[in-house]
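Encoded as structure tokens, the structure appears first; notes follow it.
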Amino acid sequence: MRKAYINIQEIFNEIPPELREETRMSFAISDKIALLMEQRGLSKKQLATAIGKRPNEVTRWLSGEHNFTIATLAKLSTFFGIPIITI
């Protein structure tokens, strides 16, 4: 039986750099939100209620695959009292 050989680095190199950076940034944002929630002892439901969103939206944010709007990032930054991203 033949075994398939997959070189992960070759597959990774086929991903456009801008898509890799987009993914990195998205996960960095979700990690920061998760950390801030943990530090304040907030559940997804509590955060959602506090900023006028649904809990399933917070779940999408924390997945690392959400495309955040400037408005959402501003709302989160205001709520937590610190920038979610720095430009």
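Please read these numbers as outputs of a predicted model, since none were measured by experiment. Sequential numbering from 1 along the given sequence is applied to the chain's residues.
How far NZ of Lys75 is from OG1 of Thr69: 9.0 Å, rounded to the nearest 0.5 Å. In this structure, the separation between CD on Glu22 and CD on Glu65 is 11.0 Å, given to the nearest 0.5 Å.
You'll find the side chain of Lys53 reaches within 4.5 Å of the side chain of Thr72, heavy atoms only. Contact check for Ile82 versus Lys32: side-chain heavy atoms found under the 4.5 Å cut-off.
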* Going through the checks in order, is the side chain to side chain contact (heavy atoms under 4.5 Å, CB included) test met by Phe79 and Leu47? -> CA-CA 9 Å; Phe79 174 77; Leu47 176 60; 3.6 Å; yes
| task | Begin from the C-alpha positions of Ser26 and Thr23 and carry the test side-chain hydrogen bond (donor to acceptor under 3.5 Å, both in side chains) through to its verdict. | result | CA-CA 5 Å; Ser26 183; Thr23 302; over 6 Å; no
#### Entry: Worked verdict on Ile29 versus Leu73 for side chain to side chain contact (heavy atoms under 4.5 Å, CB included)
CA-CA 9 Å; Ile29 291 168; Leu73 292 171; 4.1 Å; yes
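Counting heavy-atom neighbours within 6.0 Å of Asn56 CG, excluding the residue itself, gives a total above 12.
Listed for the Arg20 side chain is a donor-acceptor partner under 3.5 Å among the backbone atoms of Ile15.
No continuous path of hydrophobic side-chain contacts links Ile85 to Met25 [ILVMFWY only; heavy atoms under 4.5 Å].
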Result block: side-chain N/O donor-acceptor pairs under 3.5 angstrom for residues 33-40, not counting sequence neighbours:
| from | atom 1 | to | atom 2 | distance (Å) |
| --- | --- | --- | --- | --- |
| Arg40 | NH1 | Phe80 | O | 3.4 |
| Arg40 | NH2 | Phe80 | O | 2.5 |

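When all heavy atoms of Gln46 and Ser43 are compared, the pair lying nearest together is OE1-N, 2.8 Å. Shown here for Trp61 and Ser30, the closest heavy-atom pair between the two residues is O-CB, 3.0 Å.
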